[in-house]
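The structure under discussion appears below in the form of structure tokens.
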Amino acid sequence: MIDLRLLRDNPDVVRASQQARGDDPALVDAVLDADARRRTSLTEFEGLRAEQKALGKQVAKASGDEKAALLAKTKQLAEDVKARQAAANAAEAELDELLYRIPNVVEGAPPGGEDDYVVLKEVGTPRDFAAEGFAPRDHLELGEGLAAVDTARGAKVSGSRFYFLTGIGARLELAILNAAMDQAVAEGFTPMITPTLVTPATMRGTGFLGAHADEIYRLERDDLYLVGTSEVALAGYHGDEILDLSGGPRRYAGWSACYRREAGSHGKDVRGIIRVHQFHKVEMFSYCAVEDAAAEHARMLAWEEAMLAKVELPYRVIDTAAGDLGTSAARKFDCEAWLPTQQRYLELTSTSNCTTFQARRMNVRERTDDGTRPVATLNGTLGTTRWIVAILENHQQADGSVRVPEGLRPYLGGLEVLEPVR
RNA sequence: GGAGACGUCGCAUAGUCUGGUCUAGUGCGCCACCCUGCUAAGGUGGUAACGGCGCAAGCCGUUCGCGGGUUCAAAUCCCGCCGUCUCCGCCA
């Protein structure tokens with residue numbers, strides 16, 4: 001939820017943000033209008049309520065005829081209070097409903113839609129397979145050759161976009177996730193294994209039930225949602241709490257399964273394990289003071305790049321355009337690895353600065369010298385199942401074997417090459 | 001799944017039976033000041049969040065797990081839900 005005070009004091013900032021995202025700027029005026037009505041009706045209610053309380057005290061002291069007279073007076077007042085309270089509550093609900101529809105105010109992201117990202121840098125050089133004298137195999141062919149990935153049986157058991165990681169494939173995923181977790185711990189993050197089923201309040205608070213609600217699995221019988229990332233649970237972790245951030249950001253590294261319906265992506269990335277309904281992820285999450293958020297965002301990106309360096313992938317960093325930001329994000333950087341068989345970049349990490357948007361919804365504050373205020377929250381990817389795709393393709397050799405990047409060898413018992421089993 | 005107990009201002013608790021004097025008391029912790037060779041102890045005062053009005057001082061409202069209800073009036077009575085603990089049942 002955005003800052004109502006900001007919207008009141010600087011509506012043009014919010015209008016401009018709406019414009020940049022391609023959302024409706026008129027929503028700002030609807031909120032201003034609803035806010036005015038709420039305050040009017042709240043003032044009316046509070047005045048009457050104060051009167052009622054004062055009279056109530058007199059009733060308690062009075063007796064006999066005096067009491068009867070007071071009771072007659074107060075009876076009518078009670079009805080008025082009830083009516084005004086209902087009106088005030090309705091006005092508040094109306095305001096909330098409108099306010100919840102405004103996504104976070106964009107901060108520094110380039111304008112435009114999905115294709116209007118800005119490339120911040122490119123790191124490493126894609127291999128020239130023609131020069132090496134062989135055509136690269138795609139990740140599924142490699143994965144099947146290594147007996148590491150089984151999508152056919154995944155589909156048999158669970159349907160399309162499900163898979164088994166088998167043998168060295170399962171070990172490879174664990175290696176990636178363990179390397180990510182170890183790096184996070186070394187940087188001072190608290191490792192966390194989080195719930196993957198959350199309440200509607202938690203899901204709503206993190207901003208995932210807005211425009212992209214179709215992406216989320218819901219267990220109707222139990223009124224719970226399956227998370228698409230441990231960010232959801234980690235954002236809820238300190239809900240309704242007042243934190244002491246005087247010692248710097250609170251950093252958590254969440255390990256969890258992630259579930260996505262992929263409802264709008266029929267026909268996209270259908271082959272292999274690029275886009276699947278279930279995968280695992282190690283996610284960084286940080287609660288920090290709002291002044292520190294941009295710097296923390298830069299640190300998150302640096303930690304993601306450190307992981308990418310460990311697996312020796314060529315990648316680029318993009319600054320996501322305003323129209324492609326999630327509801328909660330004010331700015332987002334993605335790291336995309338080169339995918340040789342598709343001659344394109346594939347998103348491996350994504351780090352978002354949610355400023356105070358999530359914290360307002362989840363009611364996470366920090367204590368300052370003069371009271372409390374919402375904190376900033378940030379999140380970023382340190383490793384996922386999808387990384388297997390890029391690692392297999394980029395480190396493959398002519399015979400179908402795959403060289404293990406040095407950063408992962410300690411997690412695979414020193415193994416240097418994954419050999420095909422056929 | 002069944003039975004019972006419980007949920008109060010950071011923590012611990014009083015208050016609920018018998019609705020109004022609860023403007024929620026007390027202890028601990030914390031902050032300020034005082035006292036004091038040092039330390040320990042002691043004294044005094046202060047110590048929630050959110051919202052509205054106001055230039056401000058301040059005034060007012062909301063919140064006793066959450067949501068309804070009864071009543072002139074609810075921490076207190078009634079209903080529903082959530083959570084915690086104990087016991088039983090079932091099961092990894």
Side-chain angles (χ1 to χ4, degrees), chain A residues 1-9 31-100 102 193-205 218-225 232-233 236-247 250 257 287 289-290 356-375:
Chain A
M1 161 163 68
I2 65 162
D3 184 359
L4 183 57
R5 204 145 295 164
L6 170 78
L7 188 142
R8 281 211 282 254
D9 297 344
V31 168
L32 286 172
D33 191 50
D35 181 44
R37 273 181 278 122
R38 160 187 158 263
R39 283 191 283 169
T40 305
S41 83
L42 191 59
T43 303
E44 283 176 2
F45 159 67
E46 287 183 352
L48 278 180
R49 180 72 174 137
E51 204 180 320
Q52 184 188 35
K53 285 175 76 169
L55 271 177
K57 271 179 193 142
Q58 291 179 40
V59 171
K61 285 181 201 147
S63 58
D65 288 349
E66 196 191 353
K67 186 159 189 167
L70 280 170
L71 281 180
K73 197 169 159 191
T74 206
K75 196 140 193 164
Q76 177 59 44
L77 189 57
E79 274 176 41
D80 290 350
V81 166
K82 202 162 247 181
R84 301 288 178 137
Q85 179 161 38
N89 287 347
E92 175 115 42
E94 198 187 330
L95 171 66
D96 277 350
E97 199 273 320
L98 287 167
L99 200 54
Y100 261 76
I102 298 186
I193 292 173
T194 66
T196 53
L197 291 171
V198 299
T199 61
T202 302
M203 192 53 95
R204 183 172 148 87
R218 172 154 183 243
L219 300 186
E220 181 131 22
R221 233 179 117 123
D222 299 288
D223 202 16
L224 290 168
Y225 291 95
V232 176
Y237 187 68
H238 283 304
D240 293 320
E241 293 181 25
I242 299 172
L243 305 177
D244 177 7
L245 294 179
S246 58
R250 292 252 205 145
Y287 294 89
V290 66
T356 58
F357 186 88
Q358 274 180 340
R360 273 177 212 286
R361 287 190 171 194
M362 300 305 303
N363 193 25
V364 184
R365 291 160 291 166
E366 65 168 322
R367 199 169 291 288
T368 62
D369 289 338
D370 39 27
T372 69
R373 59 171 194 176
V375 303

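Hydrogens, waters and symmetry mates are skipped; everything else that's a heavy atom, side chains included, is used. What you see is a predicted model, and the numbers here were worked out from it, not measured in a lab. Each chain gets a letter, A, B and so on, in the order its sequence line appears, and its residues count up from 1.
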| query | Would you say the side-chain atoms of Arg49(A) and Gln52(A) include a donor-acceptor pair closer than 3.5 Å? | reply | yes
| field | Integer-rounded Å distance: G61(B) P and Leu42(A) CG | value | 12 Å
| Is there a donor-acceptor contact under 3.5 Å linking the side chains of Asn89(A) and Gln85(A)? | no
| task | Using the P atom as the reference point in each nucleotide, state the distance between G43(B) and C28(B) in Å, no decimals. | result | 9 Å
| task | Using the P atom as the reference point in each nucleotide, state the distance between U21(B) and U63(B) in Å, no decimals. | result | 15 Å
| request: Considering just the side-chain nitrogens and oxygens of Lys82(A), establish if one lies under 4.0 Å of OP1 or OP2 belonging to U70(B). | output: yes
| query | How far apart are the C-alpha atoms of Asp33(A) and Leu98(A), what are their side-chain angles, what is the distance that settles it, and do they pass the side-chain contact (heavy atoms from CB on, under 4.5 Å) test? | reply | CA-CA 10 Å; Asp33(A) 191 50; Leu98(A) 287 167; over 6 Å; no
| A12(B) pairs with, by Watson-Crick or G-U criteria that keep both distances under 3.5 Å | U26(B)
| field | Rounded P spacing from U39(B) to U47(B) in Å | value | 28 Å
| said: With a 4.0 Å limit, can you tell me whether Lys53(A) has a side-chain N or O closer than that to the phosphate oxygens OP1/OP2 of A74(B)? | reply: no
| Please give, in whole Å, the distance from U62(B) P to Arg38(A) CZ? | 15 Å
| Inter-nucleotide P distance (C90(B), C6(B)), Å rounded | 28 Å
| message | For the P atoms, the ones on C79(B) and on C60(B), what distance do you get once it is rounded to whole angstrom? | response | 36 Å
| task | Return no unless some side-chain N or O of Arg49(A) is found under 4.0 Å from OP1 or OP2 of U62(B). | result | yes
| For G58(B), which nucleotide is its Watson-Crick or G-U wobble mate, given both distances must be under 3.5 Å? | C53(B)
| Rounded distance in Å - CG (Leu48(A)) to P (C60(B)) | 16 Å
| remark: Testing A49(B), C60(B), C72(B) for proximity to the side chain of Ile242(A), the answer is A49(B)
| Taking all atoms of both residues into account, what is the closest heavy-atom pair of Val375(A) and Ala359(A), and its distance? | O-CB, 3.1 Å
| Interatomic distance where CD belongs to Gln85(A) and C1' belongs to G67(B) [whole Å] | 13 Å
| Presence of Arg5(A) side-chain N/O under 4.0 Å of G52(B) phosphate oxygens OP1/OP2 | yes
| remark: Heavy atoms of Met362(A) and Gly205(A) approach each other most closely as SD-CA, 3.3 Å
| message | Does a side-chain N or O of Arg8(A) approach OP1 or OP2 of G52(B) to a distance below 4.0 Å, or not? | response | yes
| remark: Between CZ of Arg360(A) and P of G51(B) the distance, given in whole Å, is 10 Å
| said: Distance check, C1' atoms only: G80(B) and U18(B), in whole angstrom units. | reply: 26 Å
| field | Whole-angstrom distance between U84(B) and U26(B), as gauged at atom P | value | 33 Å
| field | Distance between P atoms of C33(B) and U23(B) (Å, rounded) | value | 34 Å
| task | With side-chain contact (heavy atoms from CB on, under 4.5 Å) as the test, would you mind laying out the steps for Leu99(A) and Ile2(A) before giving the verdict? | result | CA-CA 7 Å; Leu99(A) 200 54; Ile2(A) 65 162; 4.1 Å; yes
| note | Walking RNA chain B from its 5' end, the first of Gly47(A) and Lys75(A) to be reached, judged by nearest nucleotide, is Gly47(A)
| note | Arg373(A) CZ to C50(B) C1', in whole Å, measures 18 Å
| request: Give the C-alpha distance, both sets of side-chain angles, the deciding distance and a yes or no for salt bridge (charged side-chain N to carboxylate O under 4.0 Å, His left out) between Arg360(A) and Asp3(A). | output: CA-CA 8 Å; Arg360(A) 273 177 212 286; Asp3(A) 184 359; 3.5 Å; yes
| said: Taking only side-chain N and O atoms of Arg367(A), does any of them lie within less than 4.0 angstrom of OP1 or OP2 on G10(B)? | reply: no
| message | For Thr43(A) and Ala78(A), find the nucleotide of RNA chain B closest to each by heavy atoms; which residue's nucleotide sits nearer the 5' end? | response | Thr43(A)
| Integer-rounded Å distance: C82(B) P and Asp240(A) CG | 19 Å
| said: Rounded to whole Å, please give me the gap between CZ in Arg84(A) and C1' in G61(B). | reply: 15 Å
| Is there a side-chain polar atom (N or O) of Gln52(A) under 4.0 Å from OP1 or OP2 of A73(B)? | yes
| field | Arg365(A) side chain near C50(B) phosphate (N/O to OP1/OP2, under 4.0 Å) | value | yes
